[in-house]
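Notes follow once the structure below has been shown.
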There are 2 protein chains.
Amino acid sequence: MKNITIYDVAKKAGVSPSTVSRVMGSSNHPVSENVRSKILRVAKELNYIPNIQARGLKTQNNASVGVIIPSIDNPFYPQLVRGMSDVAVGHGFSIYLSNCDREYALTDLQVQTMLEHNIKGILSVYIDRTTPSLEQFVERGGILVSLCGRNFAYPGAYNFQTDKVREAEIAVEHLISLGHKKIALIINEINCQIRADKLQGYRQALQKSGIAFNERYLYVYQEEADLADNTKNGDADRGRASVQMLLERSPEVTAILCMNDIMALGVCAELRNRKIRVPEEYSVMGFDDSFFSEFTNPSLTTVALEKYEWGKTLMQFMIDRLEALPDRSDSREVPNDLLVPVHLVERESTGVPRTDNLVIRP
Amino acid sequence: MKNITIYDVAKKAGVSPSTVSRVMGSSNHPVSENVRSKILRVAKELNYIPNIQARGLKTQNNASVGVIIPSIDNPFYPQLVRGMSDVAVGHGFSIYLSNCDREYALTDLQVQTMLEHNIKGILSVYIDRTTPSLEQFVERGGILVSLCGRNFAYPGAYNFQTDKVREAEIAVEHLISLGHKKIALIINEINCQIRADKLQGYRQALQKSGIAFNERYLYVYQEEADLADNTKNGDADRGRASVQMLLERSPEVTAILCMNDIMALGVCAELRNRKIRVPEEYSVMGFDDSFFSEFTNPSLTTVALEKYEWGKTLMQFMIDRLEALPDRSDSREVPNDLLVPVHLVERESTGVPRTDNLVIRP
DNA sequence: AAGAAGAATGAAAACGTTTTCATTTCTATT
DNA sequence: AATAGAAATGAAAACGTTTTCATTCTTCTT
C-alpha cells in the first residue's frame, strides 16, 4: 500500500522529480508544453495524489484556516460558518472547526493544536480573551482575524468589530418609539464583551430618551450552571426561567429584551403558557434574526446581522492576507468599508405598551 | 523566525534527537526518568511545538478526521457536529468540516482535498452517493464511516443506519391513531435515499392500516431551484409555498407531514397567515425535533433522533477504528447496540381531524 | 556563424519528524 | 566476579515535497 509519489510519475514520464513538482505544484517556473502534458497524463494514470503534509513541511504553509467559535450549536454560527466555508473551498482552503464554549482552557488547547498543525490563519469569533497559545500564534507570524464586540481588540490581530452597543441601542430605541418606558433586559453574566456592549447600548438608549436606568429591570444570570448538558441549547430554557423571575420581581415592565432570538422564543413560550399575550401584554424582542424568527407565532422582532455575508467577508479577508503572507507591510487596520451593517427587523412580537397596570399573575 | 525543532531541544538538553522524539511523541520506548523530565523542561523553556506535518509525513497518520455533511446551515447538523467535536477534542483529534450540499462534484472535490491532507478517517452523514475520490479513499485503506438511511450502504464502509423508514412510519402511525386518513406528505425530489425511505415508511404505514395511497396527497418538488441563495434555509419557504398548492389541489387533507421541522414551521406560518388553525383544522408534523420545535406556537409534534448522542457515537467509533488502524481484521460490520433509537415527540401541532369537510379557502 | 541570453531541465539539500538498528549502560543471576 | 539479558541511548535513513544552483538546450542578435 505504498503511496504514489512524485518520483514514480517522474520515472514513468522519463523526467526528473523537480520537473514533476513544477507542474503539479503552484510553481511558476517554466516547463515546456509537451513535457507538462505528458506529466499530467502520467499523473492521472497513476492516480497521483500530492501529499500536502510533505509540501507543507517544505513550504511552511498549509492551505487551511482554523475557525474558533463558541459553539456551532448556537443558531448564530451555522450561517456564519457556512459563509466562511463557501469562500474557503472556493480558494482551495480547508476549515478546521473548533468549538471552545468561550472557555479559556479549551480555547488555549485548540489553538495549541492549530499551532502544531502549522496553521497560519485563525479566525476567531466572539472570543474576547487571549490565551498563551494565541499570543504565541501571532508572535510566530500567524494571522489572526477576530470578530468581536466594539470594545475589544486582540493585540496583533486584524480586529473586525460588530457594533453590539449599537445593536442594543437600535432595539431599545425601537421599543421606546413604541412608547415603552419600563424595559427589561435579560442577559448572561457580564464576563463577555458582547454582553457588556449590549448593556452599554441599553443604558445609552435609555439615557438619550431621559429614561432612568432601573437595576430591577436587569436580569443577569450565570451561564455555567447548565453548561453541562450539551444536549440542548440552554438559552430557551433560560428565557423560560426568567419569565418566572420577572413576573415576581418586576411585573410592571412592558417590554422584554432578550439576549438572542432563542431566548426570546423561550420567553414567548412561557408567557403563552401563562396565557399572557404577546405583544398585547408584553412586547418581546431578541437579537440575531435567527432563521426561525420569521416563522414563529408571533414572529419575532429582532436586530439582524448578515451572518452569511459576514462569514464570507471574514474568510475572504483572511485568505487575502494568507496569500500575501511574506510581506506583512500593512498595519493591522481593517478597512472600514468591510463593516456589514446591522438593522432592525420589525415583526409581530412588539407593539405599543399595554395601558392598564394590572398584570401580576404569578 | 526559525522553528524550534527537536534538534534544538536535543542540543540544549544534551541528548540525541531520537530520545527527544521518544518523549515528545507517543512512543512507548523506555527512557529514564531524569532525562525525560529534563527534556520536558527544556522543551517548555524553548516553547517547543511539535510539527504535526512532519510527524504525519513519517507516520502516515494525522490526528484529524474529515466530516462531510450536506450543510451546517440545516439545524439538524449543528448538534450532530457538536457531539462529534466533543469526543474528537477529547481524544486530541481535529475536525475538517466540509459542507457539500449533496452535490456530487463538490463532494468529490472535498474528499480529494482530504485525501491530499492524508486524512485517514472520513465521517459522512446522509450522503448517499459515492464518488471516485471516495472510492479511492477506501481503496487506499481509509476508514469511512457513514450515517445514512436504511437502504443505503457504501461498499467498504462502516455503515450506520438511521431508520428513516421507521421514522416516517411512526409519524404516520401517530396521525392515523388520531383518526387521520387523508395525510399529505411534503418532501424534496426523490434523489436522495432519506427521502425515498421516508416515502416508503409513509406508504407502509398507510398500507398497514388499510388506507389507500393517494398520489394527490404527495407533494414533491425540486430542490435545485433556490439553492443559489445560500443566505437562508429554504425549507421554511418551501413549506409556505406548499400550503398554497395543497389548498388548491387537495384541501380535503386533514394532516400535513413535512420533511423536517423547518418546513413544518413554514407550513404553520402560512396557515396562520390564512387564518387556518393548527391543529384544529390541519394537523402538522415535522421530523428531527429541532431545538426550536418545543417553543413554537403551536409547539411541533415531531419524530426525534438524539443528534448529539449520535455525533458522539459516530466519532467514538471512528476514533476507535483509527487508533487500531494497522490491524483491520474486523469486517465492516457495525455493532447493533450502537443504534440510537428514534421516538415520537407529541406536542400541540397535531390533534384529531376536523369533522366538517368544508375548508377550501384559497 | 558565433556568442549571449534565456528557457528548460536535473541533482541534491532541506523541511522536522519517527524508527530501525546498533551500541552502550545497567541489573541481576550464577 | 563474570556474564546474560534488559534497559537506555544514539546514528542515520526515510517520509514526499520544494527550491537553489548548476547545467544543457534553444533561440535570437550581430
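Predicted model, so just to flag it, every value in this text is computed and none were measured. Convention: sequence-line order gives letters A, B, ...; per-chain numbering from 1.
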Please evaluate residues B:Phe76 and B:Ile69 with respect to the criterion side-chain contact (heavy atoms from CB on, under 4.5 Å), reporting the C-alpha separation (whole Å), side-chain torsions for both, the decisive distance (0.1 Å), and the verdict.
CA-CA 10 Å; B:Phe76 181 85; B:Ile69 57 175; over 6 Å; no
Roughly how many Å is it from CD in A:Gln53 to C1' in C:dT18, rounded to a whole number?
13 Å
Closer to the 5' end of DNA chain D via nearest nucleotide, is it B:Pro30 or A:Lys58?
B:Pro30
Protein-nucleotide distance (A:Asn3, atom CG; D:dA14, atom C1'), rounded to Å:
13 Å
B:Thr19 vs D:dG10: side-chain N/O to OP1/OP2 distance below 4.0 Å
yes
Which whole-number value in Å describes the distance from A:Ile4 CD1 to D:dC15 P?
13 Å
Rounded off to whole Å, could you give me the CG-to-P distance for the B:Asn51 and D:dT17 pair?
16 Å
Please determine, for the side chain of B:Leu57, which listed nucleotide (C:dT19, D:dT18, C:dG16) has the closest atom?
C:dG16
Figure out the CZ/P separation between B:Arg55 and D:dT17, and round it to whole Å.
21 Å
Answer yes if the side chains of B:Arg55 and B:Asn61 hold a donor-acceptor pair under 3.5 Å, and no otherwise.
no
Using a strict 4.0 Å threshold on nitrogen-to-oxygen distance, state whether A:Arg129 and A:Asp108 make a salt bridge.
no
Side-chain contact, heavy-atom cut-off 4.5 Å: A:Ile39 with A:Val9?
yes
Where the side chain of B:Gln60 is defined as all heavy atoms beyond and including C-beta, which of C:dG10, D:dT18, D:dG16 is the nearest nucleotide?
D:dG16
Within the structure shown, what part of the strands sits under 4.0 Å from B:Thr5 by heavy-atom distance: base, sugar-phosphate, or nothing?
sugar-phosphate
C:dA11 base to A:Ser18 side chain: any donor-acceptor pair below 3.5 Å?
yes
Atom CG of B:Asn34 and atom P of C:dC26 are separated, to the nearest Å, by 11 Å
So, does the side chain of B:His29 form a donor-acceptor pair with the base of C:dT19 at under 3.5 Å?
no
Using only side-chain N and O atoms of B:Thr59, determine if any of them is under 4.0 Å from OP1 or OP2 of C:dT18.
no
d(CD, A:Glu33; P, C:dA7) in whole Å
15 Å
Can you figure out which of D:dT20, D:dG10, D:dG16 approaches the side chain of A:Arg22 most closely?
D:dT20
Taking atom types as modelled and ignoring hydrogens, do the side chains of B:Tyr126 and B:Ser146 form a donor-acceptor contact shorter than 3.5 angstrom?
no
Check every strand shown and say whether B:Ser32 touches a base, only sugar-phosphate, or nothing at a heavy-atom separation below 4.0 Å.
sugar-phosphate
Are OP1 or OP2 of C:dA11 and a side-chain N or O of A:Tyr7 less than 4.0 angstrom apart?
no
Gap between atoms NZ and P, on B:Lys11 and D:dA11 respectively (whole Å):
14 Å
Can you tell me which nucleotide in D:dT17, C:dT9, D:dT9 comes closest to the side chain of A:Ala54?
D:dT17
